[in-house]
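First comes the structure, then the notes that go with it.
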Amino acid sequence: MVKLIDKQSHIYPILIGLMGSGKTSIGKLLSKELGVPFVDLDHYIVDKAGKTIPEIFAEQGEEGFREIEREALREVIGKPVVLSTGGGAVMREENRVLLEAHAPVIWLKSSLEFLAGRIDGDPNRPMIAGRDTLKTLQELAEIRYPYYTQCADYILHRGKMNKAASLQAVLEYLRQWQHEHAYD
Ligand code: S3P
């Protein structure tokens, strides 16, 4: 199969979207394809804080986590990596400004029912702990979808696409993006 994009292509995509949308798994595949390192902002935060995400939420609340996330995003964004962000990274206006200033930002979008099925009962996701998963996602989507729309250069509607098909769709978009920005 012909590679869509050469390695060392100087494309550093940023993935956004709700919990369970595949940012980490697609991000890892993309990083291999593009030949650039992968950074998952949540993992970066866990390393930096020396605590798990549920521990941070338990000790400092959501606002404490958002503050660490804000700092982490500032440290990492713009680095030559494929970056996957946590679903709530768009909540701070300062973060949205940063995301809007970088490209290409890709929103991985799936139905809320599908996402709920993927994350239901996950103890590592404090946003849904002790709550109805689908209802919580609906509430988050109402607030966040306008923000994802604002920050995204491209929206991948995954529908029934598996990882491989999603990867190909993103690569196809990136090829087009690279072509359009060849002389930037
Ligand atoms: C959150 C999403 C999580 C993580 C934290 C908060 C959110 O990341 O940052 O639990 O507010 O949607 P993922 O989207 O990678 O699950």
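Indexing begins at 1, ligand by ligand and atom by atom, following the structure's order.
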Please determine if Arg96 and Glu100 form a salt bridge, counting it only when a charged side-chain N lies under 4.0 Å from a carboxylate O. no

Under 4.0 Å from any heavy atom of [X], which atoms of ligand 1 are there?
X	answer
Arg125	16 (O)
Gly86	8 (O), 9 (O), 14 (O)
Lys23	13 (P), 14 (O), 15 (O)
Arg66	7 (C), 11 (O)
Gly87	2 (C), 8 (O), 12 (O), 13 (P), 14 (O)
Ile53	5 (C), 10 (O)
Arg144	7 (C), 11 (O), 12 (O)
Pro126	10 (O)

Can you tell me if CD on Glu180 sees more than 12 non-hydrogen neighbours from other groups inside 6.0 Å? yes

Is there any N or O on Thr24 that sits under 3.5 Å from an N or O of ligand 1? no

Parallel, tilted or perpendicular: rings of Tyr145 and Tyr148 (30°, 60°): tilted

Among all the protein's non-hydrogen atoms, which is closest to atom 3 (C) of ligand 1, and how far away is it? Asp42 OD2, 3.5 Å

To check your reading of the model: name the closest protein heavy atom to atom 6 (C) of ligand 1, its residue, and the distance in Å. Met127 CG, 3.8 Å

With a 4.0 Å heavy-atom cut-off (strictly under), which part of Met19 contacts ligand 1: side chain, backbone, both or neither? both

Decide whether the shortest distance between a heavy atom of Glu62 and an atom of ligand 1 is less than 4.0 Å. no

ILVMFWY network linking [X] to [Y], side-chain heavy atoms under 4.5 angstrom:
X	Y	value
Ile26	Met19	no
Leu29	Ile16	no
Leu99	Val82	no

Hey, would you say the Trp107 and Tyr147 ring centroids sit under 6.0 Å apart? no

Please determine which of Glu71, Glu62, Glu63 meets the salt bridge (Lys or Arg N to Asp or Glu O under 4.0 Å) test together with Arg92. Glu63

Provide the closest heavy-atom pair for Ser110 versus Arg158 in the form atom of the first, atom of the second, distance. OG-CB, 3.6 Å

